[in-house]
Structure formats: structure tokens, C-alpha cells
Amino acid sequence: MARRASGRPAAEPEPDEQHGVSVHLDEVLAARGMTLTELAERVGVTVVNLSVLKNGRAKAVRFSTLTGICRALDCQPGDILRVD
């Protein structure tokens with residue numbers, strides 16, 4: 001396996017590298033006239049967790065959370081997540 005100058009395998013991203021996925025939850029919420037608090041209640045997650053996702057600071061999202069968000073907002077994952 002190829003290695004980077006840091007000695008890490010090439011397939012493993014450096015800690016400071018951007019993943020290229022942007023979150024557009026705020027746009028979908030605005031289009032639906034829903035608040036983050038209301039979405040959190042419908043999905044069964046905390047407002048803090050949704051805020052981390054909405055502000056692009058999340059490192060991962062559980063499929064069950066993504067499914068709940070999409071069901072509550074009547075949308076598809078591609079409406080919320082985009083690769084830049």
C-alpha cells in the first residue's frame with residue numbers, strides 16, 4: 001500500500017483534510033417551515049446533535065438518524081448531503 005510522507009497509508013485521509021461533503025439541512029428546514037427544535041423532537045435526537053450536523057461539524061451521521069430526518073422532512077439524503 002502506498003504511504004504518505006506522514007507514514008499513513010494513502011487510503012487513510014490526513015486528520016486535517018476535508019471530506020468534501022456539505023450539509024444543506026438549513027435549506028430543507030427553511031423550505032418546510034420547520035425549526036431545528038421541532039425536527040429534533042420528531043426524529044428523537046438532541047438539538048445539539050442536529051446543530052452539529054447542520055453546521056457541518058459532524059464527522060459522521062447514523063443511517064437511522066438520516067432516515068428519521070428524511071422521513072420528518074419528506075426528502076431524500078441527497079437533498080441534505082452533497083459532495084462538493
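One-based numbering along the sequence shown.
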Legend entry - Pairwise side-chain contact, Val23 with Leu81, heavy-atom cut-off 4.5 Å (strictly under): yes

Legend entry - Any Asn49 side-chain heavy atom under 4.5 Å of Thr65 side chain: no

Legend entry - Salt-bridge contact Glu27-Arg82 (side-chain N to carboxylate O under 4.0 Å): yes

Legend entry - Atom of Ile80, atom of Cys75 and distance for their closest heavy-atom approach: CD1-SG, 3.6 Å

Inset, instruction - Answer yes or no: is there a side-chain heavy-atom contact under 4.5 Å between Ile69 and Val45? - result: no

Inset, instruction - Please name the pair of heavy atoms, one in Leu25 and one in Lys54, separated by the smallest distance, quoted to 0.1 Å. - result: CD2-CB, 4.1 Å

Legend entry - Val48-Leu66 co-clustered via ILVMFWY side chain contacts under 4.5 Å: no

Legend entry - Residue pair Cys70 / Pro77: nearest heavy atoms and the distance that separates them: SG-N, 3.5 Å

Legend entry - Rounded distance (nearest 0.5 Å) linking atom CG of Leu73 with atom CG of Leu39: 5.0 Å

Inset, instruction - Identify the heavy atoms of Thr37 and Val47 that sit nearest to each other, and give their distance. - result: CA-CG2, 3.9 Å

Inset, instruction - Over all heavy atoms of both residues, which pair between Thr46 and Ala40 is shortest? Give the atoms and the distance, please. - result: C-CB, 4.0 Å

Inset, instruction - Please check if the side chain of Arg32 supplies one atom and the backbone of Asp74 the other of a donor-acceptor pair under 3.5 Å. - result: yes

Inset, instruction - Report, as yes or no, whether the 6.0 Å neighbourhood of atom CZ on Arg62 holds more than 12 heavy atoms from other residues, nucleotides or ligands. - result: no

Inset, instruction - Group every Ile, Leu, Val, Met, Phe, Trp and Tyr by side-chain heavy-atom contacts under 4.5 Å, then state whether Phe63 and Leu50 land in the same group. - result: no

Inset, instruction - Verify the cluster assignment for Val52 and Met34: are they in a single hydrophobic cluster under the rule of side-chain heavy atoms below 4.5 Å apart? - result: no

